[in-house]
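Written below as structure tokens is the structure these notes are about.
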Amino acid sequence: MRRRRDTETPAEPLVITEKVKGAMRLAAISPEAKRAGLLPGLTLADARARIPDLWVEEMDPHADAALLDRIADDCDRFTPVIVIDAPEGLLLDITGCDHLFGSEAQLRTLFNARLRRAGIHVRAVIASAPDAARALARYGRTAIVPPGEDAAAVRPLPIAALGLADDARLSISRAGLKTIGAIADRPSTAFAARFGEKMTLRLRRVLGEADPPLDPRRPVPMLWVERRFPEPIGRAEDIEAVLGELSDKASNRLGEQREGGRVFEASFFRADGAVRRIAVETGRPIRNTRILLRLFREKLDALADPVDPGFGFDMIRLSLPVTEPLDTIQPGLDGHAIEADEVADLADRLSTRFGTANVLRFLPEDTHDPNRAAKAVPASFNPLTSPVWPTPEEEEPPLRPVQIFDPPQLVDASAQVPDGPPLHFNWRRRKHVVVHAEGPERIAPEWWRAPDASERDYYRVEDIEGRRFWLFRSGAYGSKAHPRWYVHGLFA
Amino acid sequence: MPQVDLEALRRQVSQLERGSSPVASGRFSVGSTAIDTALGGGLMRGALHEIFAGQIMHEPSAASFAVMLAIRAAGERPVVWVRQDFVGLEMGEIYAPGLAELGLSPDRLILVRARDAPSVLRAGEEAARCPPLGAVLIEPWGNPKTLDLVASRRLALAAGRSNVPLFMVRAGGTALPSAAATRWRISASPSVPLEGEAPGHPAFAVELLRDRVGSAGRNWIVEWDRDRREFKDLETIPGRMVPVPPGRSPDAAEAGYRDAG
């Protein structure tokens, strides 16, 4: 992949340099440099000696990776399944996508034209096996390999196309084997014994006999629907109408599969290549277009940086990475279930607007540590078992505060006896005189979490005005460190 | 055999069950006969109710009182509590086991943490429009600019349409013109100590500052009975002297407090 220069400077040979073992060497060169007789691997000093008028840039792997990522984003419009083949390749799984563009050839033409407009030269090859396409793109001349002819197309390629380590490649070529076909004709056991199973596996993959594991850069959605526009659209009403149409389509497909979506992601493909993705999540599987649109409206409304259509979107896709079984709803049979659904929808809307981390439910935890006795989880989180909160004992006053400080706040307290409750304490610049107190309730820290923490003696105290506090003393009188008092919570 | 009027009997039984103050329609009993009677048969369900703290230090009592009203109103239905982050920083985060000890099962609660007052109002309104909810609590901090008469009317309207009571806890706030049906001021009150001088059940000094349809300016000292989910009138307990906390009197009604603490 090469990036054409934007400026119209005279075509000086461009070289990209990289530091290899302390020497600056050429890592990549432009066609002009190639014509001038330079080769990658040459030291920069040698290259300068040959061509003094050289345009030198340093290698920037991060920028390369970022560019590749942007290109991959843009290629998302062709298929959602894209594998990054670093440092300079992309694998697009176009299974089932070609018909959207007419044919494979048309897709390829469109693809090339799109990237060329962005100033990027690519070699695109369509083949059945990913590794065959990969090898052909780098070493072959074929553009489209008809189904089933991968092996034939790959056979004439040099063995370098296998992507082996240098010493292995050298040994094989020294044996007089120059092409992949030559290796494929010989029994694989000999190669396996000499170069390892890996080499024969590579060979089989390139020949299309074995499938490589693919690791798409984004999770492959369970289901997706998309809409392309001949003229880019940008008005909010148009976008919403398209989202509605896509939701309807997706909902129909979900209905056929008796499923509902948990995550819905709308991807907006701008004509200039930028892609913006907006996702909404639901607490339970849904396929109701009205609810879905309402969530999207909430989300689009709440965005800190609104979706900028620029010169317009030329494609919008709705993909569902997560779907779950959802049976056909029979309305009216169970009023209770419908009410529960309404509350779940409310939680989804609030989560969409305020973030899942801010719309919470509480789950009980089986621990003595008061800080961990309740776990706040997103309201959309569905526990497998329904939580069981301990029932308070009858006739007992509340033994735990309604509000708690994390971390506990240090107070200045004085106690009458070493193990007794405080007589008074100063908190927030006020003196609180204790009139009633109960305690201590000793809570030992969980040693497997905080081995150095000291035990805490908790007291419920009430001051003269009737305010009720949850105080604790950390450490005992008489020990090395002076004990300290904290207010941990406030009672009703 | 004499003809038994089943309907009349049912009415009689329900009267007995609810005590001497029958709850008017569209209202719910706050769980105290004295207060219910003063309100004219319970608290309006589809309405906005404002709850102030006597002083900022009494915010936990005001919030707890709102929780207790929510328990009374909601029954077994879910409750949404929208809270501005600053309230948690200042007065402590909501502690679910403590709510359970007041009688509100935490698995019925959805907590929304809002960054600022406009978010609180927005989330509160959204929640108040959801009829299956039992109650909505919202807790903005101080006197936010956005909480004007229009904003409170919107909240009251949402509550009225869905018939979900909306309790607004005004921690650190003062009374502003609002569309609230009632306005309360709650302070912690010394509890009736248990054995061994242990602090007793939650007790509050409750002041009804305003009631749109009834009389206002009443005050009570009550104790929350978690097991029966109702308030006990502390002043009626014989042989008990209940000190009235200093600094508060019914005359100070509507004045509101600010506290640097």
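Only the side chain of B/Val80 comes within contact range of chain A, with at least one heavy atom under 4.5 Å from a heavy atom of that chain. Residue B/Ile110 touches chain A through both its backbone and its side chain, counting heavy-atom pairs closer than 4.5 Å. Contacts between B/Arg228 and chain A at a heavy-atom distance below 4.5 Å are absent for every atom of the residue. Of the two parts of A/Glu365, neither the backbone nor the side chain holds a non-hydrogen atom closer than 4.5 Å to a non-hydrogen atom of chain B. B/Ser105 touches chain A through its side chain: at least one heavy atom from C-beta onward sits under 4.5 Å away, while N, CA, C and O do not. When heavy atoms are compared at a cutoff of 4.5 Å, A/Phe491 approaches chain B solely by way of its backbone atoms N, CA, C and O. For a residue to count as touching a neighbouring chain, one of its non-hydrogen atoms must lie under 4.5 Å from one of that chain's; by this rule B/Ala63 touches chain A with the side chain only.
For A/Arg428 (side chain) and B/Met57 (main-chain N/O), no donor-acceptor pair under 3.5 Å exists by modelled atom type.
Of all heavy-atom pairs spanning A/Val343 and B/Pro78, the tightest one is CG2-CG, 3.9 Å. A/Gln403 and B/Pro60 make their closest contact through OE1-CA, 3.9 Å (heavy atoms, listed as atom of the first residue, atom of the second, distance). The shortest heavy-atom contact between A/Ala492 and B/Phe204 is C-CE2, 3.8 Å. Annotation for B/Cys130 and A/Glu342: closest pair SG-O, 3.9 Å, computed over non-hydrogen atoms. Nearest heavy-atom pair across B/Glu90 and A/Phe405 is O-CE2, 3.5 Å. In plain terms, the two heavy atoms of A/Glu395 and B/Asp227 that are nearest each other are N-OD2, 2.6 Å.
Rounding to the nearest 0.5 Å gives a distance of 5.0 Å between NE2 of B/His58 and CD of A/Glu465. A/Asn371 contributes atom CG, which lies 7.0 Å from atom OH of B/Tyr95 (distance to the nearest 0.5 angstrom). The distance from the CD atom of B/Glu101 to the CH2 atom of A/Trp389 is 11.0 Å, given to the nearest 0.5 Å. Rounded to the nearest 0.5 angstrom, A/Arg468 CZ and B/Ser64 OG are separated by 9.0 Å.
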Apply side-chain contact (heavy atoms from CB on, under 4.5 Å) to B/Arg226 and A/Glu394, showing your working.
CA-CA 8 Å; B/Arg226 185 231 12 253; A/Glu394 292 225 350; 5.8 Å; no

Applying side-chain contact (heavy atoms from CB on, under 4.5 Å), run through B/Arg108 and A/Phe362 and close with a yes or a no.
CA-CA 9 Å; B/Arg108 286 198 285 126; A/Phe362 293 103; over 6 Å; no

Evaluation steps, side-chain contact (heavy atoms from CB on, under 4.5 Å), between B/Glu93 and A/Asp406:
CA-CA 8 Å; B/Glu93 301 292 347; A/Asp406 187 19; 5.7 Å; no

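Scanning residues 194-202 of chain B against chain A with a 4.5 Å non-hydrogen threshold yields B/Leu194, B/Gly196, B/Glu197, B/Ala198, B/Pro199, B/Gly200, B/His201, B/Pro202, sorted by number.
The choice from A/Leu346, A/Leu350, A/Val388, A/Ile404 that makes the most heavy-atom pairs within less than 4.5 Å of chain B is A/Ile404. Contact count versus chain B (heavy atoms, under 4.5 Å) is highest, among A/Val487, A/Leu399, A/Val461, A/Thr391, for A/Leu399. Residue with the most contacts toward chain B among A/Pro370, A/Ala376, A/Gly439, A/Pro364: A/Pro370 (heavy-atom pairs, distance under 4.5 Å). Interface summary for chain A: among B/Ser61, B/Ala123, B/Gly88, B/Gly103, the most heavy-atom pairs under 4.5 angstrom belong to B/Ala123. Chosen from A/Leu490, A/Val435, A/Asp463, the residue pairing most often with chain B at heavy-atom distances under 4.5 Å is A/Leu490. No other option in B/Gly98, B/Ala62, B/Pro132, B/Ala100 has as many heavy-atom pairs under 4.5 Å with chain A as B/Pro132. With chain B as the partner, the residue from A/Pro421, A/Ser351, A/Pro401 showing the most heavy-atom pairs under 4.5 Å is A/Pro401.
Within a 6.0 Å sphere centred on CG of A/Asp366, heavy atoms belonging to other residues, nucleotides or ligands number 12 at most. The environment of A/Arg484 atom CZ is sparse: at most 12 non-hydrogen atoms of other residues, nucleotides or ligands sit within 6.0 angstrom. Enclosure of atom CZ in B/Arg77 by more than 12 non-hydrogen atoms of other residues, nucleotides or ligands within 6.0 angstrom is indicated. Atom CZ of A/Arg372 sits in a crowded spot, with more than 12 heavy atoms from other residues, nucleotides or ligands closer than 6.0 Å.
The pair A/Arg467-B/Glu59 does not count as a salt bridge, with every side-chain nitrogen at least 4.0 angstrom from each carboxylate oxygen.
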